[in-house]
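Values below: every heavy atom of this structure, side chains too, minus hydrogens, waters and symmetry copies.
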Amino acid sequence: STKKCSTMVEGVISMSLKFKRRLVAYLVAVAFGVIRLKHHKTGVNPLLARFREDTVNAAGSKHRRNQNSSEFSQNSNGDESSLEVRLREKLLHGYQSFHRDDKKKRGDFCSILPEPTPTTLSLWSRHIPQILEATRVPGDGGFQFHDFYASLLHILTPDRMQRAVKTLPLDWTPVHKSFQILYHRWKAVQSQLDEYRETFQLALDDPIDPQVMSDIQKDPDLPPKLSILVMGGSVTMGVVGDWNPVGKFPQSAAWPVLFSNFVTNLFGNLDLIQVHVLAIGGTNTESGTTLWDYSIVPKDVPYPPDILINAYSTNDVHVNSMNDAKARNKTLEESLIELGQNFIRQVMTPKKQCGHSPPLLLFVDDYLGNEQNEILATMVSSQKMNLLSGYYGTASISYADAVRDVVYGDSKEWFFSSDWYYKGGNYGRQIHPHLGMHTSMAWIVTFYLINLATTYCSLPKLPGKERYHAGMARYGPGKEDYNFRISHGMPQLRDAGKPLKGRPSQKPRGLPPLLTKDLSLENVTEAWLEDSNANADLWKAQEECAADGHQINETHSITNPCIFAWVGSINEGMTKPDHLMKQMAPVIMSHDGWSAADDNRKLGWVPTGGLGSKFTLGWNDISQPVKAVNFMVMKSYGEKWANSTLEVKIWSGDDSVGEEIIHGFHDKHTSETYNIKIPLHGEGLKKGSELRISHELIAGNTFKILGMAVCDH
């Protein structure tokens, strides 16, 4: 009746402002039909399931702030909080619908993320419980290491994770490629999971039997996993990485292993990535350059991989690197820059015209000491990485910068650094960090990759599946085209036909010129043009390759540049003496006193007969040209290694085409790996030539060859 209605209106007028707002929210909720909505997960992937919830919460909070209704949220009880969540979901529906058609058209990695793309910090902060649980390794059924991981997370706060992000790639093309690989595999697996649920009438949030999940992901017809290759030394291998204050660690503690386990767990047991490790004790970036140059990688590694991680920072500042620099009359800083940019240029330059595109290159700085004792000296590696990443536009992470103040605040801690006082409480050399560092590294690398995803998906959209970024170019005659295009989402020029003075010219293709003391602001452009023109065929765009009748093929392998190559302990198929004997047998013409041996986790070829031991390798008809013979040898100290000297002679028929005297001893109290390259005389040997390589121990009692490569350059 009119009287009752009047009474109700008077009652509403007399209500408190807080209650009025709650009533309005309730009525709106009823009107939109959200009161009876139930919350369902969006899929088996817990992280992706919560992405949208995070966005809902963030958008809802922004909506309330815009309505000046903070009092409502601050005073809500449990039921009203649930109501608010449902209301926010409904209010956001229109925004999400606006992007739904675009997402269906794109069909790329970014289409599985919400709009707007959340920040990595917000994602990480909202998923700390899931991060903790995903860190648990197989064999830790009772979660014995729960409090250890929780303690690390309390210290390694999300803002510290952000500090570890140093540089982003200039060219996001390999990032787009990597995320598309992830997306295609994820989509294929989800399709099979959906088919399984439909067959057995399972709801989206019903658990899938682990064996079923495993069988689905072993399907050989599935798209490939994202291939990640980590190159490093003994730190990457996880030497003493299992040291911890809790107890025996149930598996390998090397951070690449923990990283692989963590990513799989975090993304709902979806097997999306394949982490390969090429770690050899005592090797540095110089060794890594040689291994990459000659394609000496484990046989199961796609070459090139999708992502390549350089984790040599600790060995790059090793005492042998310092002494090598002195021997070449260079400072350690100068030597590190030389080694670093040689590696970058080797990896980032295409192997051949219209061949494989380079991988996403990521540098990792994990060095805190104590190869050097002075703080400034310990930071040389980080400075080098920042300098080169800035100049060449590569990605980089600094674990050291994330925790440096924690370590310096208590140099006796060993959660994040090495235990420098493990020798009876006395300070001593220990460059290998322990479980806390390896766990933190697994988190930081994951954080960085998620940061790449959220950053890339926040870039302006292009009509296809790519995003507009600084590395994208439509090529003019040998140069990148800076011309503005409306499709990039950038503002349109009012007078595009009238270029403004001082506008940058199109930059040359390829890598910037070699960074030297003589490179100046006056000659850098000319030097870049000269380099670009000299290697123009390598930097052709896909469109140009197609026009020339070529097509970039990312699936087939690059032709192996070596007729013979091996490195001890490079993978599971090269860890035992029998493995190496099998590798050497087909090419040994004669041997007297040499055999395979494995000591201190370093497999190699050694003279068991002492002084005068000999062996000869031979090929009657080489299958491709040969221009160099390369060795990785160990140099050591002490009476056993005194005067250790190997003589190498290279022949083709009766002609000597190369020789070298290699010493296996030095005056440093460490055992280290050195790279020796013997270039053949003249132009080397042509395909079909005869080749013999003789070796003789001419001084000392022992020697150790850790690897060999007979190659075409």
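- The shortest distance between side-chain heavy atoms of I337 and L388 falls below 4.5 Å.
- Looking only at distances, a side-chain donor or acceptor of T167 sits under 3.5 Å from a matching main-chain atom of T394.
- Closest of all the heavy-atom pairs between L646 and L697 is CD1-N, 4.0 Å.
- One N or O on the side chain of Q624 and one on the backbone of P561 form a donor-acceptor pair closer than 3.5 Å.
- For P256 against V277, the heavy-atom pair with the smallest separation is CB-CG2, 3.6 Å.
- The number of heavy atoms from other shown groups lying within 6.0 Å of CD (E530) does not exceed 12.
- Side-chain atoms of N523 come within 3.5 Å of backbone atoms of S520 as a donor-acceptor pair (strictly under, hydrogens ignored).
- For the residue pair Q372 / Y367, a side-chain donor-acceptor distance below 3.5 Å is found, with atom types taken as modelled.
- Using a cut-off of 4.0 Å between Lys/Arg side-chain N and Asp/Glu carboxylate O, R429 and E371 are scored as salt-bridged.
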>> Evaluate L685 against L691 for side chain to side chain contact (heavy atoms under 4.5 Å, CB included), listing each step before the verdict.
In response: CA-CA 8 Å; L685 299 180; L691 172 63; 3.7 Å; yes

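- Shown here is E334, whose CD atom has more than 12 heavy atoms of other residues, nucleotides or ligands within 6.0 Å.
- Between the CD1 atom of I662 and the OG1 atom of T645 there is a distance of 10.0 Å, given to the nearest 0.5 Å.
- Between Y674 and L706, the closest side-chain pair of non-hydrogen atoms is not below 4.5 Å.
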> Does the side chain to side chain contact (heavy atoms under 4.5 Å, CB included) test come out yes or no for M231 and L308, once each step is laid out?
Replying inline: CA-CA 8 Å; M231 301 180 73; L308 174 63; 3.6 Å; yes

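- With sequence neighbours left out, the salt bridge (Lys or Arg N to Asp or Glu O under 4.0 Å) criterion links E338 to R328, K330.
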> Can T378 and N370 be said to form a side chain to side chain contact (heavy atoms under 4.5 Å, CB included), step by step?
Replying inline: CA-CA 7 Å; T378 65; N370 60 352; over 6 Å; no

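- Here the shortest heavy-atom pairing between L514 and Y392 reads CA-OH, 4.0 Å.
- A donor-acceptor pair under 3.5 Å is formed between the side chain of S178 and the backbone N or O of P174.
- Distance check, rounded to the nearest 0.5 Å: CE of M237 to OG of S569 gives 7.0 Å.
- The aromatic rings of W594 and W605 lie parallel to each other, with less than 30° between the two planes, well short of the 60° mark.
- In summary, the side chains of Q430 and H432 do present a donor paired with an acceptor at a separation below 3.5 Å, with no hydrogens or angles considered.
- There is no side-chain donor-acceptor pair under 3.5 Å between N643 and H663.
- Note: I693 CD1 to I678 CD1 = 8.0 Å, rounded to the nearest 0.5 Å.
- R509 contributes a side-chain N or O that, together with a main-chain N or O of W539, makes up a donor-acceptor pair within less than 3.5 Å.
- Looking at heavy atoms from C-beta onward, V648 lies out of side-chain contact with V629 at the 4.5 angstrom threshold.
- With sequence neighbours excluded, the residues satisfying side-chain contact (heavy atoms from CB on, under 4.5 Å) with S590 are T616.
- Side chain of N701 to backbone of G610: no donor-acceptor contact under 3.5 angstrom is found.
- Contact record, D365 with S398: OD2-OG, 3.2 Å, taken as the closest heavy-atom pair.
- A donor-acceptor pair shorter than 3.5 Å can be found between the side chains of D316 and T285.
- Checked by atom type and distance alone, the side chain of S396 never pairs as donor or acceptor with a backbone atom of F363 at under 3.5 Å.
- Atoms CD and CG, from Q346 and L361 in turn, are 12.0 Å apart once rounded to the nearest 0.5 Å.
- In summary, the side chains of D366 and T314 do present a donor paired with an acceptor at a separation below 3.5 Å, with no hydrogens or angles considered.
- Side-chain N/O atoms of E659 and S656 include a donor and acceptor closer than 3.5 Å.
- The closest side-chain heavy-atom distance from P359 to V347 is below 4.5 Å.
- Residues S227 and D306 bring no donor and acceptor atom of their side chains to less than 3.5 Å of each other.
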>> Set out, in order, the CA-CA distance, both residues' side-chain angles and the distance that settles side chain to side chain contact (heavy atoms under 4.5 Å, CB included) for K627 and C711, then state yes or no.
In response: CA-CA 6 Å; K627 295 185 178 182; C711 306; over 6 Å; no

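- Considering only heavy atoms from C-beta on, F259 comes within 4.5 Å of I273 through its side chain.
- Proximity of Y312 to T283: side-chain heavy atoms (C-beta onward) are separated by under 4.5 Å at one or more points.
- Counted within 6.0 Å of NZ on K649, heavy atoms from surrounding residues, nucleotides or ligands total 12 or fewer; the atom is thus considered open.
- When the shell of 6.0 Å around NZ of K602 is examined, it contains more than 12 heavy atoms from other residues, nucleotides or ligands.
- Of all heavy-atom pairs between W292 and P305, the closest is CH2-CD, 3.5 Å.
- At a threshold of 4.0 Å, the pair K218-D271 does not count as salt-bridged, since none of the basic side-chain nitrogens sits closer than that to a carboxylate oxygen.
- A donor-acceptor pair under 3.5 Å is absent between the side-chain atoms of H276 and the main chain of V230, judged by distance alone.
- Remark: the T516 side chain and the D518 side chain contain no N/O donor-acceptor pair separated by less than 3.5 Å.
- Under the 3.5 Å distance criterion, the side-chain polar atoms of D621 are left unmatched by any main-chain donor or acceptor of S623.
- For an aromatic pair to be called close, the ring centres must be under 6.0 Å apart, and H695 with F703 fails this.
- Not one N or O on the side chain of D293 forms a donor-acceptor pair closer than 3.5 Å with the backbone of T289.
- No salt bridge links E660 with K677; every basic N to acidic carboxylate O contact stays at or beyond 4.0 Å.
- M634 is not listed as a side-chain neighbour of E672, based on a closest heavy-atom distance of 4.5 Å or more.
- Between A253 and G241, the shortest heavy-atom contact is CB-O, 3.4 Å.
- The environment of CG in D599 is crowded: more than 12 heavy-atom neighbours from other residues, nucleotides or ligands sit within 6.0 Å.
- Between L360 atom CG and H176 atom NE2 the span is 13.5 Å, to the nearest 0.5 Å.
- Here the straight-line distance linking atom CD of Q341 with atom CG of L336 works out to 11.5 Å at 0.5 Å rounding.
- The aromatic ring centroids of Y399 and W255 lie 6.0 Å or more from each other.
- Side-chain contact between P508 and D531: absent, with no pair of heavy atoms (C-beta onward) separated by less than 4.5 Å.
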